[in-house]
**Student:** 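Just passing along the structure, written as C-alpha cells.
Chain A is the first sequence line, chain B the second, and so forth, proteins listed ahead of strands; every chain is numbered from 1. Because only heavy atoms are used, hydrogens play no part in the values below, and waters and symmetry mates are left out as well, while side chains stay in.
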Number of protein chains: 2
Amino acid sequence: MKPTVHDIASRAGVSLATVDRVLNRRPGVSARTREKVDLAVSELGFVRDVAAANLAKGRTYPLTFLIPSNDNSFMRGLRLALDEAGERAGVERIAIRLVDVPAFDAAALATALRDAAAEQPAGIAFVAVDAPDVAAAAAEVVSAGIPLVTLVSDLSGAERDHYAGIDNAAAGRTAASLLGRFVGGRRGKVAVLAGSMLVRDHRERCEAFASVITSDFAGLDLLPVSEGRDDPDVVERLVSALFVGHSDIVALYSLGAGNRGLVRALERVPRENRPVVIAHELTETTRGALQSGLFDAVLNQDAGHEVRSAIRVLKAKADGLPVVAAQERIRIDIFLKDNLP
Amino acid sequence: MKPTVHDIASRAGVSLATVDRVLNRRPGVSARTREKVDLAVSELGFVRDVAAANLAKGRTYPLTFLIPSNDNSFMRGLRLALDEAGERAGVERIAIRLVDVPAFDAAALATALRDAAAEQPAGIAFVAVDAPDVAAAAAEVVSAGIPLVTLVSDLSGAERDHYAGIDNAAAGRTAASLLGRFVGGRRGKVAVLAGSMLVRDHRERCEAFASVITSDFAGLDLLPVSEGRDDPDVVERLVSALFVGHSDIVALYSLGAGNRGLVRALERVPRENRPVVIAHELTETTRGALQSGLFDAVLNQDAGHEVRSAIRVLKAKADGLPVVAAQERIRIDIFLKDNLP
DNA sequence: CTGAAAGCGCTTACAG
DNA sequence: CTGAAAGCGCTTACAG
C-alpha cells in the first residue's frame with residue numbers, strides 16, 4: 001500500500017499537523033522534528049496525494065488571460081479553448097478571467113498587464129507584443145511574485161516564467177523547405193505576408209523563412225515583406241497589388257492571419273499563374289483552400305494545447321512545482337489536403 | 001459555491017447514501033425518491049467531484065498492455081511511455097501490467113488476450129494483428145465486459161471499444177503527396193517497404209499511398225511491396241537487392257520499422273542515385289537520416305500520446321463514461337530536418 | 001513548537 | 001427502500 005501522512009506521523013512519532021507542516025515547508029517546527037519527519041518520508045517513499053491535498057485545501061487558482069481583441073479565426077479558436085478550459089474549471093480548481101486587449105498595441109497591453117496584476121491572480125497569461133513597455137510591465141508582474149506565461153507570441157528577454165507556443169523559427173524554416181521543394185526547381189519571386197513585425201512570432205517566422213530560402217533555394221528571390229495587420233481586407237489589397245506589380249511570383253508564404261483576404265485575392269489570379277502557397281493556422285478558410293488546391297500546406301498550432309499547457313504551467317508555478325519541459329513543448333502541425341483532421 | 005452532495009441531500013430531503021445511490025445509478029431506490037434527487041441535481045446544476053469520489057472509493061484500475069516483443073525503436077518508445085505512465089500510477093490510480101507477445105503472431109496474441117482477460121483487469125490495450133483468431137479472442141474479451149482498446153494498429157470489424165492510434169490511410173496519402181512533390185516531376189520507380197501486410201496499420205498506409213501515387217503522379221511507377229518484418233537486417237538485404245535490380249528508383253517509402261537497415265543500404269547507393277525517402281517514426285536513426293539528408297521527411301506518431309489516450313479511454317470505459325473523440329484523436333507528426341524537436 | 005479534532009466532497013458497509 | 005456514521009488522504013483553525 002502507498003504510505004500516507006498517517007504512516008509518516010506514526011513512524012516519526014509526531015502528529016498529522018506536524019507532518020503537514022514539514023511536508024509543506026511551513027515554519028514553526030524544530031530542526032529535530034523536521035529531520036525525523038523527513039527521514040520517515042524518505043524511508044517510506046512517501047508521495048503526497050495532490051488530489052486529496054487540493055480537496056482539503058479547497059484551493060482554487062484565479063487565472064487571468066489577456067487576449068488580443070483581434071477578430072480572426074485563430075484568436076476565436078483561442079477564446080473557444082479558454083471557454084472549454086473554463087468548463088473544466090471545477091475539476092481543475094481554476095477560475096479563468098478573460099481580458100480583451102487591443103491588438104498590436106504595446107501601451108494598452110502594458111496597462112492591461114498592470115491592471116491584471118493588481119487583482120493578485122494566481123497567474124497571468126498573455127499574447128505578447130514584443131516592446132519595451134510590455135517588457136517593463138511584465139518584469140513588474142514577475143517581481144510581484146505572480147507567475148507569468150506568454151502565449152502564442154513570446155517576449156524577448158527573460159521577463160516571464162514560460163512561453164506556451166510553437167518554435168516560430170522552426171515553423172519558418174519548415175515553411176521554407178516545403179515551399180522550396182514544392183516549387184520544384186522553377187525560378188521566380190517569393191512573396192511574404194505577415195501580420196506585423198511588432199510581434200515576435202511573425203518576426204521569427206519571417207527571418208527563419210528568409211534565411212532558408214536564401215541559403216537553400218538559389219532560384220527563388222524574396223520580395224519585401226508585406227504587413228497585412230492580420231486583417232482580411234488589408235491582406236486582399238496587398239496581395240492583389242503584389243500580383244499586379246510582379247508577373248513572376250511562384251510562391252507565397254502567409255505567416256500571419258487574415259487568410260480570407262488572401263483567398264479572395266488568389267482566386268482572381270489566373271489558374272496557370274497561381275503560386276505555391278503555405279499559410280498558418282488551420283481554420284475553415286485555410287481548410288477550404290487546402291481542399292480546393294489553392295493552398296499547398298498549412299502549418300498549425302493547436303490553441304487548445306497552448307491554453308491547457310499555459311494553465312498547467314501557471315498552476316505549477318503558483319505551487320512552486322517544476323514544469324516538465326518536454327511535456328509542455330507545443331508542436332507544429334503540418335497539414336496537407338491529405339491529412340486534414 | 002459549487003453544490004455538493006450535501007446540498008442535493010438537503011434539497012431533496014434524503015440522506016447522503018441515497019443521493020449517492022441515485023448519482024451512481026445503483027439499484028434499491030424508489031422511483032419517487034430517485035425523481036426527487038434527479039430534480040435537485042438538475043435544479044442546482046450539480047457536478048460530481050471526480051477526485052473526491054476516487055479518493056473515497058480508493059479505486060484503482062488494473063490495466064494490462066500487450067506489446068509485441070519486437071525490438072525496434074518505436075516499440076521501445078512505447079515501453080518507455082508505459083513506464084512513464086506507471087510512474088504517475090499513484091496519482092492516476094492505475095496499475096499497469098505489461099505483457100510481451102511475439103510480434104506478428106496472431107495465435108500467440110489471441111492466447112495472450114484470453115490470459116489477460118482471465119485476470120479480470122479494468123481494461124486491456126493491445127497492438128492488434130489483424131487476423132480472425134485475434135478478432136475472436138477480442139470479441140470474447142469485450143463480451144466479458146472488459147474494456148478493450150487497440151493501440152497503434154487496429155483490428156478490422158468492431159471487436160474493440162476504441163482505437164488509440166493515427167489514421168494510417170491519411171498517413172499513407174500524406175507520404176504520397178510529399179514524396180510525389182519532392183520528386184518534382186522526374187519519372188521513375190517508387191519502392192515501398194513494409195513490415196508485414198498482416199498488420200492493419202501497414203496495410204492501410206500502403207494502400208492509401210499507392211492510390212495517391214497512381215492517381216496524382218503519372219510519372220511514378222510503383223514497385224511491388226517488400227516486407228522487411230520490421231527487422232533491420234532483412235530490410236537492408238531487401239533494399240540492397242532493390243537497387244541492384246532497378247536503376248531508376250527515384251523514391252522510397254518506408255512505412256514500417258527497421259530503418260537502421262534502410263540507412264545502411266542507402267549509404268551504399270551512390271549519392272547521385274539516392275532516392276527521395278519518407279519513413280515512419282522519429283527515432284535516433286531516422287532523426288540522423290533527416291539531418292544528414294538521407295531521408296526527406298519522417299511521419300511520426302507520439303507513443304506517449306497513444307499510451308495516455310489509451311489509459312484515459314480505458315478508465316472512462318471502465319466507469320461507463322463517454323470519451324471525447326476529438327480529444328483522443330492521435331495526430332500525425334510530420335518532421336523535416338527543419339522542425340526536429 | 002506541537003497536537004486533537006473537524007472538515008474538504010464523496011462512498012461504503014452496516015443497521016434498520 | 002433508507003439513513004447514520006465512518007473513512008479516503010490531506011489541511012486547517014484552535015488550543016495548549
**Student:** Among residues at least two apart in sequence or on other chains, which ones pass side chain to side chain donor-acceptor pair (under 3.5 Å) with A/Arg312?
**Tutor:**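 With sequence neighbours excluded, A/Arg312 shows a side chain to side chain donor-acceptor pair (under 3.5 Å) to A/Glu328, given in chain and number order.
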**Student:** Using side-chain contact (heavy atoms from CB on, under 4.5 Å), reason through A/Arg308 and A/Ile311 one step at a time and then give a plain yes or no.
**Tutor:** CA-CA 5 Å; A/Arg308 287 190 289 271; A/Ile311 291 172; 5.7 Å; no
**Student:** Just to verify, what does B/Arg34 make a side chain to side chain donor-acceptor pair (under 3.5 Å) with, not counting sequence neighbours?
**Tutor:**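 Side chain to side chain donor-acceptor pair (under 3.5 Å) check on B/Arg34 returns nothing, list empty.
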**Student:** Would you check, one step at a time, whether the test side-chain contact (heavy atoms from CB on, under 4.5 Å) holds for B/Ser73 with B/Glu284?
**Tutor:** CA-CA 8 Å; B/Ser73 300; B/Glu284 247 177 81; over 6 Å; no
**Student:** Please convert DNA chain D into dot-bracket. A pair counts if it is Watson-Crick or G-U wobble with both distances under 3.5 Å; crossing pairs go in [ ] and bases paired with another strand get |.
**Tutor:** |||.||||||||.|||
**Student:** Check whether A/Thr64 reaches the backbone of A/Arg97 with its side chain - one donor and one acceptor, N or O, closer than 3.5 Å.
**Tutor:**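 Looks like no, no N/O pair under 3.5 Å.
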**Student:** Strictly distance-based, threshold 3.5 Å: is any side-chain N or O of B/Thr60 a donor or acceptor partner for the main-chain N or O of B/Ile94?
**Tutor:**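 It does not hold such a pair.
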**Student:** Which residues, if any, of residues 15-30 of chain A bring a heavy atom under 4.0 Å of DNA chain C?
**Tutor:**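 Listed by number, they are A/Ser15, A/Ala17, A/Thr18, A/Arg21, A/Gly28, A/Val29, A/Ser30.
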**Student:** Please identify each residue that fulfils side chain to side chain donor-acceptor pair (under 3.5 Å) with A/Thr33, with sequence neighbours left out.
**Tutor:**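 A/Thr33 satisfies side chain to side chain donor-acceptor pair (under 3.5 Å) with A/Ser30 once adjacent residues are dropped.
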**Student:** What is the distance from CZ of A/Arg34 to P of C/dC1, rounded to the nearest Å?
**Tutor:**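 Result: 9 Å.
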**Student:** Treating A/Gln301 as the side-chain partner and A/Glu281 as the backbone partner, does any N or O pair qualify as donor plus acceptor under 3.5 Å?
**Tutor:**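 No; judged by distance alone, with no hydrogens or angles, the pair does not exist.
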**Student:** Under 3.5 Å, which protein N or O atoms sit close to an N or O of nucleotides 7-9 of chain D? Give each pair with its distance.
**Tutor:**
from	atom 1	to	atom 2	distance (Å)
D/dC8	O2	B/Ala56	N	3.1
D/dG9	N2	A/Ala52	O	3.2

**Student:** In whole Å, what is the span from the CD atom of A/Glu35 to the C1' atom of C/dT2?
**Tutor:**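 It works out to 17 Å between those atoms.
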**Student:** Under 3.5 Å, is there a donor-acceptor pair between the B/Arg114 and B/Thr111 side chains?
**Tutor:**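 B/Thr111 and B/Arg114 do not have a side-chain donor-acceptor pair below 3.5 Å.
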**Student:** I'd like to know whether B/Phe46 forms a side-chain contact (heavy atoms from CB on, under 4.5 Å) with B/Asp7, so could you lay out the CA-CA distance, the side-chain angles of the two residues, the decisive distance to 0.1 Å, and finally the verdict.
**Tutor:** CA-CA 9 Å; B/Phe46 171 80; B/Asp7 302 317; over 6 Å; no
